[in-house]
K.L.:
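Sharing a structure here in structure tokens format.
Quantities reported herein were computed from a predicted structural model and do not represent experimental measurements. All heavy atoms count here, side chains included; hydrogens, waters and symmetry mates do not.
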Amino acid sequence: MSVILPPMNQYSLVQKIAIYLLPILSAIIVHEVAHGWVAEKFGDKTARLAGRLTLNPISHIDPLGTIALPLLCLLLPGGFIFGWAKPVPVDARNMRHPRMDMGIVAAAGPLSNLLMAFGWALLARYAGGLNTWFGTPLSFMAIAGMEINVMLGVLNLLPIPPLDGGRVLMSLLPPRMGWQLHRIEPFGFFILILLMVTNVLSMILMPIIVGLLQFITSVVGLGML
């Protein structure tokens, strides 16, 4: 799972952690739990048996992807955070319709992020009306949560395995074409990095991200960001 944030140079390290820690953890943890929860509905209890259908961060933290790398990104200039949680185990062999069910399981993660984005947006609207000492910090956190979840959801819908969008596409393609797409999975991470460093990823995703953020804020009455 990957998270890319807007510029944060105006904040101190302590402020960055305070604002973004809960939104980042909740975004990646609920994303993974959603995969396991939907897989269980289709007959696969692998995630539950592994103790991964929980919101306890300890069960999902990857020392490198969840702690070390995001902290390093906060210390460095550039305005982005890149990280991930441990993937929830899913076994398609336990499902009634493995190819189609796996596509729905994959889509559950990004969908959960888009739903959380609406939740954070509602919180931002509520917090913005609070005339208390914690109203402004809560608003900052809620807006960060909305942005993080939209970015995470959109990024993971890219049709590049092992991203969720790649798995959804594999389930929709004819078996032979799906297998050909599956073969690029070992190189998916490097393709993503290449798209990032060449700025192609930003050119592809930012119009979608901005459009979704504008749609969400208009729906909840939050106003333009």
K.L.:
CE/Met100 to CZ/Phe42 distance, rounded to the nearest 0.5 angstrom?
P.N.:
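Those atoms lie 10.0 Å apart.
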K.L.:
Using every non-hydrogen atom in the two residues, find where Pro23 and Ala144 come nearest and quote the distance to one decimal.
P.N.:
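Nearest pair, atom of Pro23 first, then Ala144: CB-C, 4.4 Å.
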K.L.:
Mind checking what makes side-chain contact (heavy atoms from CB on, under 4.5 Å) contact with Ala39, not counting sequence neighbours?
P.N.:
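Ala39 satisfies side-chain contact (heavy atoms from CB on, under 4.5 Å) with Asp44, Val90, Met95, Val105 only.
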K.L.:
Is Leu123 linked to Val219 within one hydrophobic cluster, defined over Ile, Leu, Val, Met, Phe, Trp and Tyr using a side-chain heavy-atom separation of less than 4.5 Å?
P.N.:
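Yes, Leu123 connects to Val219 through the hydrophobic network.
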K.L.:
Where is the tightest heavy-atom contact between Trp120 and Ser26, given as atom of each residue plus distance?
P.N.:
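Smallest heavy-atom distance, with atoms named: CZ2-OG, 3.9 Å.
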K.L.:
Going by the salt bridge (Lys or Arg N to Asp or Glu O under 4.0 Å) test, which pairs reach into residues 192-210, not counting sequence neighbours?
P.N.:
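Every candidate salt bridge (Lys or Arg N to Asp or Glu O under 4.0 Å) pair involving residues 192-210 fails, so no pair, neighbours aside, qualifies.
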K.L.:
Checking Arg96 side chain against Asp101 main chain: does a donor-acceptor pair fall under 3.5 Å?
P.N.:
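No, Arg96 side chain to Asp101 backbone: no donor-acceptor pair under 3.5 Å.
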K.L.:
Answer whether the closest heavy-atom distance between the side chains of Phe118 and Phe215 falls below 4.5 Å.
P.N.:
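Heavy-atom side-chain distance check passes, below 4.5 Å.
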K.L.:
Is it true that atom CE of Met177 has more than 12 heavy atoms of other residues, nucleotides or ligands lying nearer than 6.0 Å?
P.N.:
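Not more than 12 within 6.0 Å, no.
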K.L.:
Closest heavy-atom contact between Leu173 and Gly178?
P.N.:
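Taking every non-hydrogen atom into account, CB-N, 3.9 Å.
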K.L.:
As a quick check of understanding, evaluate side chain to side chain contact (heavy atoms under 4.5 Å, CB included) for His60 and Leu25, giving each step before the final call.
P.N.:
CA-CA 9 Å; His60 302 278; Leu25 285 179; over 6 Å; no
K.L.:
For Ile143 versus Ala124, what's the shortest heavy-atom pair and its separation?
P.N.:
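Closest approach of Ile143 to Ala124: CG1-CB, 4.0 Å.
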K.L.:
Examine Val88 and Val30 and state if one hydrophobic cluster contains both, with Ile, Leu, Val, Met, Phe, Trp and Tyr joined whenever side-chain heavy atoms are less than 4.5 Å apart.
P.N.:
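In one cluster with Val88: Val30, no.
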K.L.:
Please identify each residue that fulfils side-chain contact (heavy atoms from CB on, under 4.5 Å) with Pro87, with sequence neighbours left out.
P.N.:
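side-chain contact (heavy atoms from CB on, under 4.5 Å) check on Pro87 returns Glu32.
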K.L.:
Just distance, no hydrogens or angles: give the donor-acceptor pairs under 3.5 Å from side chains in residues 181-199, sequence neighbours left out.
P.N.:
from, atom 1, to, atom 2, distance (Å)
His182, ND1, Glu185, OE1, 3.4
Arg183, NH1, Gln180, OE1, 3.4
Glu185, OE2, Arg167, NH2, 3.1
Thr198, OG1, Leu194, O, 2.7
Thr198, OG1, Leu195, O, 3.3

K.L.:
Treat each ILVMFWY residue as a node, draw an edge where side-chain heavy atoms are under 4.5 Å apart, and state whether Ile28 and Leu115 are in one component.
P.N.:
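They do not share one cluster, since no chain of ILVMFWY contacts under 4.5 Å joins Ile28 to Leu115.
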K.L.:
Got a sec, which residues hit side chain to side chain donor-acceptor pair (under 3.5 Å) with Arg93, two or more places apart in sequence or on another chain?
P.N.:
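In terms of side chain to side chain donor-acceptor pair (under 3.5 Å), with neighbours along the sequence ignored, Arg93 is linked to Asp91.
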K.L.:
When the side chains of residues 106-113 are checked against the rest of the protein, which donor-acceptor pairs come out under 3.5 Å, sequence neighbours left out?
P.N.:
from, atom 1, to, atom 2, distance (Å)
Ser112, OG, Gly109, O, 2.6
Asn113, OD1, His31, ND1, 2.6
Asn113, ND2, Ala27, O, 3.2
Asn113, ND2, Asn149, OD1, 2.9

K.L.:
Just do the side chain to side chain contact (heavy atoms under 4.5 Å, CB included) check on Leu163 and Leu157 with the steps written out, would you?
P.N.:
CA-CA 7 Å; Leu163 296 179; Leu157 284 175; over 6 Å; no
K.L.:
Could you work out, with side-chain contact (heavy atoms from CB on, under 4.5 Å) as the rule, every residue matching Leu212, not counting sequence neighbours?
P.N.:
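Residues passing side-chain contact (heavy atoms from CB on, under 4.5 Å) with Leu212: Leu114, Val150, Val154, Ile208.
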K.L.:
Who are the side-chain contact (heavy atoms from CB on, under 4.5 Å) partners of Arg176, not counting sequence neighbours?
P.N.:
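Partners of Arg176 under the side-chain contact (heavy atoms from CB on, under 4.5 Å) test: none.
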K.L.:
For Met170 and Pro161, which heavy atoms make the closest approach, and how far apart are they?
P.N.:
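Closest pair (atom of Met170, atom of Pro161, distance): CE-CB, 4.2 Å.
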K.L.:
Which pairs count as salt bridge (Lys or Arg N to Asp or Glu O under 4.0 Å) when at least one residue sits in residues 46-70, sequence neighbours excluded?
P.N.:
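Checked against salt bridge (Lys or Arg N to Asp or Glu O under 4.0 Å) - neighbours excluded - the pairs reaching residues 46-70 are Glu40-Arg48.
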K.L.:
How many angstroms lie between CD1 in Ile160 and CG in Leu169, if you round to the nearest 0.5 Å?
P.N.:
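The distance works out to 11.0 Å.
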K.L.:
Let's go through Ile104 and Val38 carefully: what are the C-alpha distance in whole Å and the side-chain angles of both, what is the deciding distance for side chain to side chain contact (heavy atoms under 4.5 Å, CB included) to 0.1 Å, and is it a yes or a no?
P.N.:
CA-CA 8 Å; Ile104 300 174; Val38 173; 4.2 Å; yes
K.L.:
Is there a chain of hydrophobic side chains (I, L, V, M, F, W, Y, each step under 4.5 Å between heavy atoms) that links Ile216 to Met206?
P.N.:
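Linked within one cluster.
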K.L.:
Would you compute the distance between atom CG of Leu152 and atom CG of Asp164 and round it to the nearest 0.5 angstrom?
P.N.:
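If I round to the nearest 0.5 Å, the distance is 8.5 Å.
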K.L.:
Under 4.5 Å between side-chain heavy atoms, hopping through other hydrophobics if needed: is there a path connecting Val220 to Met151?
P.N.:
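Yes, Val220 connects to Met151 through the hydrophobic network.
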K.L.:
What verdict does the side chain to side chain contact (heavy atoms under 4.5 Å, CB included) test give for Asn94 and Lys45, after you've listed the backbone C-alpha separation in whole Å, the side-chain angles of each residue and the deciding distance to 0.1 Å?
P.N.:
CA-CA 8 Å; Asn94 297 322; Lys45 298 183 178 181; over 6 Å; no
K.L.:
With rounding to the nearest 0.5 angstrom, report the CD1 to CD1 distance, Ile67 to Ile61.
P.N.:
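The distance works out to 4.5 Å.
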K.L.:
What's the spacing between Tyr126 OH and Ser139 OG if we round to 0.5 Å?
P.N.:
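Spacing of OH (Tyr126) from OG (Ser139) equals 11.0 Å.
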K.L.:
Between atom CD1 of Ile29 and atom NZ of Lys86, what is the distance when rounded to the nearest 0.5 Å?
P.N.:
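Between Ile29 CD1 and Lys86 NZ, I get 11.0 Å after rounding to 0.5 Å.
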K.L.:
Mind checking whether Leu21 and Met141 have side chains closer than 4.5 Å, heavy atoms only?
P.N.:
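No, their side chains stay 4.5 Å or more apart.
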